[in-house]
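In what follows, a single structure is set out as structure tokens and then discussed.
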Amino acid sequence: MRVFILGGTGSIGTELVKQLRSRSHEVIALSRSARSDEKLKKLGAIPFRGDMREPEGWVSETLKHDAVIQVAATFSDDMAEVDNRVTSALIDTSSELTEKRRILYTGGCWLYGETGDEVATEDRAFDPLPAFEWMVKNGERLLNCASFSTAIVHPALVYHEEGGAFERMMTAAREDQPIEVWGTPETRWAIIERSDLARAYCEFLDKPVLTGHFNAATQECVRVGDIANWLARRYDNTNPMIIRGADELVREYGSWAKGPTLDQQMSADKLMKLTDWRPQITDYRNLKLAAGSHYENISA
């Protein structure tokens with residue numbers, strides 16, 4: 001299968017490219033720089049030069065492929081505008097198609113809002129942070145496009161040996177600095193390891209009849225304080241935690257920063273029932289920690 005990826009040089013995208021190539025898919029990925037070209041080539045992908053902010057220059061190329069996977073986000077002030085333009089360009093260009101294309105779009109656990117003691121399934125109504133309302137709307141636009149067979153993947157918070165969702169805490173622990181806990185130590189996160197998430201996307205390529213919303217998580221809920229304490233022990237860090245609330249974080253980082261403070265639980269039972277996907281890393285404490293941490297913008 002020929003697969004076009006948006007966000008192929010980022011934290012999730014690089015692992016996704018590896019998984020797709022291991023399954024003998026031909027992978028083409030949007031690239032906006034020579035540096036990204038080289039990174040993609042090393043992963044076994046073919047770079048296609050273009051900018052997420054100017055989809056008119058490359059969108060026709062994406063729909064020449066069997067599937068398009070969107071795992072890109074800028075996490076900048078124009079994040080919503082960029083995704084809106086990309087979504088509109090895909091839908092507008094789809095009128096040229098003579099057969100359906102497979103579209104995998106990335107949502108996220110923060111679209112469910114606070115779940116507290118309830119475990120979010122795909123039947124739960126969305127209650128997104130205002131900063132991510134556009135993601136719900138664009139997902140629905142793609143689902144309603146008759147030219148596409150669309151599945152929307154909602155990953156839990158994604159971690160890996162170099163950091164991901166754990167990066168801030170991991171870096172502080174390694175550098176013998178106080179570990180910041182966003183929210184409270186009792187705040188619960190649903191989490192998934194990066195390679196398990198990449199394999200979930202691959203499952204949807206194998207089953208194009210599956211459409212709609214699908215959660216992806218390997219642990220339904222883990223308390224943030226437990227993650228911080230585990231990292232502190234692994235790096236022999238004895239500094240006290242710093243607890244930071246949502247209002248303070250939003251003032252410093254912007255409205256998206258409320259996301260990690262949400263108390264959430266999320267199930268992937270639907271994904272496991274309808275596909276052959278099974279997580280391989282079922283406990284974050286089995287992670288082999290890297291000596292360094294490099295978390296890249298997924299739109300690079």
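The analysis underlying the following values was restricted to heavy atoms, covering all of them including side chains, and did not include hydrogens, waters or symmetry mates. Since the model is a prediction, treat every value here as computed from it, not as a measurement. We count residues from 1, following the sequence as given.
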Electrostatic pair Lys207:Asp276 at N-O distance under 4.0 angstrom: yes
Heavy-atom side-chain contact between Ile227 and Tyr159 under 4.5 Å: no
Neighbour count >12 (heavy atoms, 6.0 Å) for atom CD, Glu180: yes
Pair Ser195, Glu193: side-chain N/O donor-acceptor within cut-off below 3.5 Å: yes
Full working for side chain to side chain contact (heavy atoms under 4.5 Å, CB included) between Arg32 and Thr9: CA-CA 10 Å; Arg32 66 178 183 184; Thr9 59; over 6 Å; no
More than 12 heavy atoms from other groups under 6.0 Å of CG on Asp77: no
Passing candidate, side-chain contact (heavy atoms from CB on, under 4.5 Å) with Tyr105, options Ile69, Val71, Asp83: Asp83
Exam field: side chain Trp182 to backbone Ala246, donor-acceptor pair closer than 3.5 Å: no
Side chains of Tyr284 and Asp226, donor plus acceptor under 3.5 Å: no
Lys137 atom NZ, over 12 foreign heavy atoms within 6.0 Å: no
Pair Arg85 + Asp92: basic N to acidic O under 4.0 Å: no
From CA spacing to verdict: side chain to side chain contact (heavy atoms under 4.5 Å, CB included), Cys109, Leu157: CA-CA 7 Å; Cys109 58; Leu157 292 179; 4.1 Å; yes
Identified side-chain contact (heavy atoms from CB on, under 4.5 Å) counterpart of Val136 within the set Ile152, Asp127, Leu111: Leu111
Verdict with supporting geometry, Trp110 and Lys258, side chain to side chain contact (heavy atoms under 4.5 Å, CB included): CA-CA 9 Å; Trp110 294 344; Lys258 186 175 180 180; over 6 Å; no
Whether Phe4 and Phe48 hold their rings parallel, tilted or perpendicular, with breakpoints at 30° and 60°: perpendicular
Check ion pair Asp37-Arg49 (N to O, under 4.0 angstrom): yes
Arg234 to Phe166, cation-pi by 6.0 Å centre distance and 45° axis angle: no
Sidechain N-carboxylate O distance under 4.0 Å for Asp263, Arg188: yes
CZ (Arg285) with more than 12 external heavy atoms under 6.0 Å: no
Ring centre gap for His154 and Phe126 strictly below 6.0 Å: yes
Worked check of side chain to side chain contact (heavy atoms under 4.5 Å, CB included) between Val17 and His25: CA-CA 9 Å; Val17 171; His25 294 298; over 6 Å; no
